[in-house]
Amino acid sequence: MNNTLFLRGVLVCWDVLSWTAAVFAIYLLRYDLRLPPDFERSLLVYAAIAISAHLLFGWGSKLHRARYRTASFEEVIGLTIMVAISGILAAVVTYFLRGDSSYPPAVMLFAPPFALVFMLAGRTLARGLRYYLRPTVRGSERVLVYGAGTSAEQLVSMTQNDPKSPFQIIGLIDDDPALRNLHLRGVPVIGSGESLEAAIRESDVSTVLIAIADPPPTLIDRITSTTSKLGVQTLTLPPLSELLGGHFRLQDVRKVEVSDILGRRQIETDLQEIADYINGKVVLVTGAGGSIGSEIARQVHPLGPRELVLLDRDESALHSVQLDIYHQGLLDTNDMVLCDIRDKAALREIFETHRPDVIFHTAALKHLPLLEQYPEEGWKTNVLGSANLLELAAEYNVGTFVNISTDKAADPTSVLGRTKRLAERLTAWHSARVPGRFVSVRFGNVLGSRGSMLHTFQRQIDDGGPLTVTHPEITRYFMTIPEACQLVIQAGAIGSSGEAMVLDMGTPVKILDVARKMIELSGKHVDIQFTGLRPGEKMHEILVASQEADKRPHHPLISHVDVPPLAPTALDDAHAAAVALNQKIDVA
């Protein structure tokens, strides 16, 4: 802090000297040290006013109080404006005080730009000396940085200035030919992606750090394939959506995960369209402690709801989501609701108390093998629980109801798929009888959700294997949790009542490829064991059922499909049919 104050004091003195030197220089160059006698007093008046105004504006604008980094672009702009204002003010005041006969126009015109040049030269020299005289910080881990843009420059600066940094950046890799001769704070660009393997070998590095804002999954896959082969670890920066103000810290750097490779680009979202139906409204999220529910809550919270009501039957999960969003876990407010959606009477009390305007219904039982063993539990939660919510939403005039579904509801073959399909149909039935917007959102496997395949694989890898895959040819669609939740929230804005909305999830991925990639990223040798398809499990999932039409009226990546309605009075017959079907499957 003392060094900063000293430097700023020096720069203030330098500014005063710059004005004085500029005035003297013009005096010397223009008048050859023979200034007309009447001009001398005007010269002194001009210099005194310019310096006084400069110091006054510098203090008031905080430019002389470390508002900007020395010699930064922001300081250059601020200094230019301040010098121009001070020069104009000094010229005007001097003119009116001294009159035409004693006014030195050359000094008034050229002194400000000369003074600015002197000031900028001093600041550039100060910044350069501070950079070259700084103590050298060298971490123990030799690193190649992939990328030479803004993120890379910030990273290089951090590692050079942080004594605790574990990284010693040896060089930069970038695919832009225009950057081949670039040096960032003394660190050179030494190659492109095509020469990554050679650069790793020649530089003797232990780590490649991807310093690109939201790099495409294909690039991450290509980099990790090279680094894994050479026994080098790969690190990356968090997505921009997870960074506060777009800035990161060294502790934000993390290992590449398979979700970085499988994730897809985010759909473009009209934030204003979303904010219009959430801002100032009471929003209820069921299953708020789960992976999807908690992420929806996190994304909805900044959009300004009047009240965000989080409902779950798991008290520990509610504690966790409250801690994430509000940074405290006292659980002493009535917006944290402990309730099971099977209990309609308890739900009614919640509706009566909070009167929700928007509902995101994520509560469900989702593990396919367990539901095949206990189909009645799936029925009670996924069908009857959803029916309870829908009936109360209609009764209490909820404006927007978004039901979370699954790709397994398209041509369902399992208890999970059939129960979620029934919830879609119940949602469609209510949509035709209420003024609000009642829609469903259907998506595939969510990467990193609680109890997901990735967690299972990672645990098996940590335990040394074997890693279990049902079938070598089985495929699945994948999306990240933020992608899934973004679609859910946008569905409330663009979906037509009664529809199911489906994100175009690209090409399905082989589970075996995911398993192999996770093993590759771990650097371990782990065997893969095939266990066979489970009851009700499909070899390949579909997103749109055979009888559904794929319409995309609003966004090229979002399909809208019509869902046949099902009245709640028909649930008994549907239940009987489901029981009979499950018995046939069991017998088979």
Side-chain angles (χ1 to χ4, degrees), residues 217-218 221 224-225 228 257-264 291 364-375 378 382 405-421 442-481 484 502-522 524-546 578 581-588:
T218 51
D221 189 20
T224 54
S225 295
S228 297
E257 301 168 353
V258 73
S259 57
D260 297 317
I261 298 169
L262 296 178
R264 299 173 59 257
S291 305
L365 296 179
K366 64 177 185 179
H367 284 283
L368 186 148
L370 273 178
L371 294 185
E372 292 299 311
Q373 295 182 66
Y374 306 101
N382 296 353
S405 190
T406 169
D407 56 357
K408 294 170 180 61
D411 292 338
T413 60
S414 63
V415 172
L416 173 59
R418 290 194 293 272
T419 56
K420 297 299 282 183
R421 177 64 172 177
R442 190 187 295 170
F443 47 77
N445 288 38
V446 178
L447 293 167
S449 62
R450 192 169 63 180
S452 70
M453 175 196 72
L454 295 191
H455 285 178
T456 302
F457 283 177
Q458 190 59 57
R459 178 63 180 271
Q460 291 173 332
I461 290 171
D462 292 341
D463 292 342
L467 195 152
T468 55
V469 177
T470 55
H471 193 282
E473 297 301 322
I474 192 170
T475 63
R476 288 293 180 266
Y477 292 99
F478 289 99
M479 65 194 313
T480 65
I481 292 176
V502 188
L503 181 65
D504 181 347
M505 301 178 68
T507 305
V509 179
K510 274 190 177 184
I511 301 298
L512 180 59
D513 291 342
V514 176
R516 287 171 173 164
K517 194 67 185 180
M518 290 188 69
I519 293 171
E520 178 184 290
L521 291 173
S522 74
K524 298 180 180 180
H525 175 74
V526 178
D527 292 330
I528 296 176
Q529 184 180 82
F530 298 106
T531 58
L533 290 177
R534 298 166 293 185
E537 188 171 29
K538 296 178 183 178
M539 181 74 77
H540 308 290
E541 295 286 2
I542 59 172
L543 296 169
V544 178
S546 53
L581 181 58
N582 204 64
Q583 287 174 343
K584 290 177 183 177
I585 292 174
D586 289 341
V587 171

Open item on the list: Evaluate Thr419 against Leu365 for side chain to side chain contact (heavy atoms under 4.5 Å, CB included), listing each step before the verdict.
Closed with: CA-CA 10 Å; Thr419 56; Leu365 296 179; over 6 Å; no

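Shown here are the side chain to side chain contact (heavy atoms under 4.5 Å, CB included) partners of Thr531, two or more places apart in sequence or in another chain: Thr468, Thr470, Gln529. A search for salt bridge (Lys or Arg N to Asp or Glu O under 4.0 Å) contacts involving Arg516 returns nothing, not counting sequence neighbours. With sequence neighbours left out, the side-chain hydrogen bond (donor to acceptor under 3.5 Å, both in side chains) criterion links His540 to Thr475. By the side-chain hydrogen bond (donor to acceptor under 3.5 Å, both in side chains) test, Lys510 pairs with Glu473, sequence neighbours left out. Residues passing the side-chain hydrogen bond (donor to acceptor under 3.5 Å, both in side chains) test with Asp221 are Lys517, sequence neighbours excluded. Scanning for side chain to side chain contact (heavy atoms under 4.5 Å, CB included) contacts around Tyr374 gives Leu370, Glu377, with sequence neighbours left out.
Salt-bridge formation is detected for the pair Glu537/Arg476: a Lys NZ or Arg NE/NH1/NH2 atom is positioned less than 4.0 Å from an Asp or Glu carboxylate oxygen.
Residues Pro412 and Arg421 approach most closely at CG-CB, 4.3 Å, considering heavy atoms. In plain terms, the two heavy atoms of Phe457 and Ala515 that are nearest each other are CE1-CB, 3.9 Å. Residues Ile519 and Ile528 approach most closely at CD1-CG1, 3.8 Å, considering heavy atoms. Contact between Met539 and Leu533 at its shortest, heavy atoms only, is CE-CD1, 4.0 Å.
Side-chain N or O atoms of Asp463 include none that pairs as donor or acceptor with a backbone N or O of Gln460 at under 3.5 Å.
By the 4.5 Å heavy-atom criterion applied to side chains, Gln373 and His367 are not counted as neighbours.
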